[in-house]
Amino acid sequence: MKRKVIAPLLIAAMMLGSLSACGEASGEAQATVVDNEKTEETAAEGGEWAGQELNIAIFQGGYGDEYWNRMVEEFESSHEGVTVNMTISPTIADIIRPQIVAGNAPDFICLSDSSEDGLILSLIKEEALLDITDVFEGQNYAGTGALKDDIIDGFLESTKCAPYQDGKIYLAPFNSGPQGLIYNKTYFDDNNLSVPATWDDFFKLGDDVKGADGRALFTYQGIYPGYLEEMLWPAIASHCGEDAVKAITNYEEGSFNNPKVLEVLQKMQDISTNGYLMEGTVGMNHTESQSEMMIGHSVFITNGTWMENEMADAPREDGFEFAMAPIPTFAAGDTHYVMDSCEQFSIPAAAKNPELAKEFLRFLYSDDSVKTFAEVSGSLYATKTAKDVGKSSLSEATYNMYGIYDEPNTASLVVSFATVPGSCKVNPKDEIFNPITSVMNGEMTVEQWAEDVEAAFAEVRSSQ
Amino acid sequence: MRKNPKSFIAICTIPPILLTIVFMLIPMANAVYLSFTDSTALSVGLNSRFVFLENYKYMLRDDDFILALINTLKLMLIVPAVTVFFSLILAFILTQGKLPEKKVYRTIFFFPSILSLTVVGIVWSFVFNPTKGILNHFLELISLEQWKHSWLGESRTALWCIGVALIWQAVGYYMVMHVAAIDGISNDVYEAASIDGANSTQKFFKITIPLLRRSIGITYVLSLSGTINLSFTLSNVMTGGGPNGASSVLLQYMYTQGMRNANYGYAMSIAMFTLALAIILALISQKATEEKEADYGKAP
């Protein structure tokens, strides 16, 4: 009898272990806390912000921590008497989530709303972010004009920055960069190939290279099909118009299963069913497929400008040079859209020192900061002048990839989904991109795909 | 002078009771409460909206949840049985076999269970890699090209790849438990069987398995709960739950809803469901092994 009770209790204890792991992962998370303490003497010297403390929480992604260490140092030296306490970690959400719950929120957060941890999404759902519209309406750091005029068009109005679409900004755009078809420029130059403009050109190029050296036309990040948004949204915008994308991101009925959108979905399936997809793609992760592309097994892969840094140590074809092409269009002369996206900064509504956090935010958009970011990370801020300011710091290939917007007939496309209601259990992006592998495998038709997405959209609408 | 040991024992039990209350019972009660709310993981206090059975009702019509449940049940049906079976065979060979390098094998077989599960996932991702993986290369070598697959990218195979990794990492662990149990069986029994002319297979099925019923029952229950817990990590690392949810499991779906989609209340209701499922299955398997034990104890 005793054992009868013990065994289920054992199970219960093990299950609880996994439950509590979700809520209290902070204990295990590795963090670097940089406490740049200034002496009290400095604080006594004066200055507008003298004696104040700023607690910042930074997600440490592919860009490393050097940029942030330098920014903290520069901010402290330009704002006498200020102490910045920085917590920087790849698992920053696990660290600050319990702090926020306990009423001890950081003053400033650098973390994207699309990160796996869902922290920013929770803050949006809880309406727990500070309205920072005044920062953008106000002067930029150099005092030469309104900060909002410095930001690349399209970001501040999108749900990436204005999640409630009420004209107020709650998230600030951080970095920005085009995302499209990455290819090896040397291979194109050596074989006198030209970048395909239309889908017909695209598939013809596929036939040519297959006949020439057996390489596949296209691959993507297999088990992470979300990367294909870099192909899907521009293709829909070109063929069906930007309004069609807007209708989808607002979950409108019939926005995903209409005949025009189905034509685009069919093109994506054609890549696989007509034999243009690199063998084994669906079973690979992002690193594997990107490596395969770089050693010459595929001509194109969907990705962003960060790929050069991300794959810095990966083996590659002789003379490999990164370049980016836009997604093909149905007809010659159609506008080529290139997807742009950004990570974000935010200030929690419960921040203890919101004014200093806003000052820090303004400071981050200064030319010095933008230049340092380009120099250290090889990437650009979402400001209009970032490309010029950072030109000397970027590699030639990355600089050229950023130049894709300057090509004729090319436009930038910022896609951001309307915030789903708090009670909604559906993640629209998952519903759109997860079925792609099944579509590529031929286990699902594009019509079924579209119907499933429409059902998910209906679920979102019914939660509103 | 002798003091009453009862009061001393009672005082000694206070710290573990307090720890159990603070770290097990209160979080457990909190999780039960949260499963009736629309908490987002930031409002884990009492400020979440109470939705009563709404989360549980939604669960029943949530296709993604049902798919994750079916996948978990498939794994629970196959993985513990295969794991326990192989661990028994290995334990039997190591204890009854005449292998001179027994100790080496014991270490090698146990090795996967001390590896981090993430490492296990990555190692098996390489094995199943469609172009560089050893499995497809091996099939090519023995002229079975038609059996080659994008193992982790196809709906039919992805879940079972996770199952294979689960079995591989757990077999050694249960093998050690069975070795200890077999060591507890008197050698006289095996010797008597040998004199009666029993071969190894007969000894395995007629002596080892019946005498290890209790041990098998415990390892089976442990393996059952291990399958529920560990499949989460492997699924995350190897397939991300894909393709299209074909290899998603309950705890992974719970994590996705709780963290990624910020539906912590719903995630807790999935956790409660999983907990109930695990307890029920544990009780059933306990019951099953006990009845058989009773049968075995009866005189013929």
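Computation of the quantities below employed the complete heavy-atom set of this structure, encompassing side-chain atoms and omitting hydrogens, waters and symmetry-equivalent molecules. By convention in this document, chain letters (A, B, ...) are assigned in the order of the sequence lines, proteins followed by strands, and residues within each chain are numbered from 1.
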Can you say whether [X] sits under 4.5 Å from chain A via the side chain, the backbone, both, or neither, judging by heavy atoms?
X: B:Thr239; value: backbone
X: B:Asn136; value: neither
X: B:Glu154; value: both
X: B:Asn129; value: side chain

How far apart are the closest heavy atoms of [X] and [Y], and which atoms are they?
X: A:Ile223; Y: B:Leu152; value: CG2-O, 4.3 Å
X: B:Ser155; Y: A:Glu443; value: OG-OE1, 2.6 Å
X: A:Thr437; Y: B:Gly153; value: CG2-O, 3.4 Å
X: B:Ser150; Y: A:Val282; value: CB-CG2, 3.6 Å

Within a reach of under 6.0 Å around [atom1] of [X], are more than 12 heavy atoms found that belong to other residues, nucleotides or ligands?
X: B:Phe232; atom1: CZ; result: yes
X: A:Tyr164; atom1: OH; result: yes
X: B:Arg156; atom1: CZ; result: no
X: B:Ile134; atom1: CD1; result: no
X: A:Gln99; atom1: CD; result: yes
X: B:Phe126; atom1: CZ; result: no
X: A:Lys210; atom1: NZ; result: no

Measure the [atom1]-[atom2] distance between [X] and [Y] for me, rounded to the nearest 0.5 Å.
X: A:Lys125; Y: B:Tyr264; atom1: NZ; atom2: OH; answer: 14.0 Å
X: A:Lys429; Y: B:Asn261; atom1: NZ; atom2: CG; answer: 12.0 Å
X: B:Lys148; Y: A:Glu279; atom1: NZ; atom2: CD; answer: 5.5 Å

Sort [X] into side chain, backbone, both or neither according to what part of it lies under 4.5 angstrom from a heavy atom of chain B.
X: A:Met444; result: side chain
X: A:Leu123; result: both
X: A:Asp117; result: backbone

Using only atom types and a distance under 3.5 Å, with no angle test, would you say the side chain of [X] pairs donor to acceptor with the backbone of [Y]?
X: A:Lys425; Y: B:Met59; answer: no
X: A:Ser122; Y: B:Thr40; answer: yes
X: A:Asn434; Y: B:Gly245; answer: no
X: B:Asn263; Y: A:Cys424; answer: yes

Does some side-chain heavy atom of B:Arg260 sit less than 4.5 Å from a side-chain heavy atom of A:Asp430? yes
With the side chain counted from C-beta on, respond yes when A:Met284 and B:Thr131 share a heavy-atom pair under 4.5 Å apart, and no when they do not. yes
Evaluate the salt bridge (Lys or Arg N to Asp or Glu O under 4.0 Å) criterion for residues A:Glu292 and B:Lys132: first the C-alpha distance (whole Å), next the side-chain angles of each, then the deciding distance (0.1 Å), finally the verdict. CA-CA 10 Å; A:Glu292 292 282 323; B:Lys132 294 194 284 280; 3.0 Å; yes
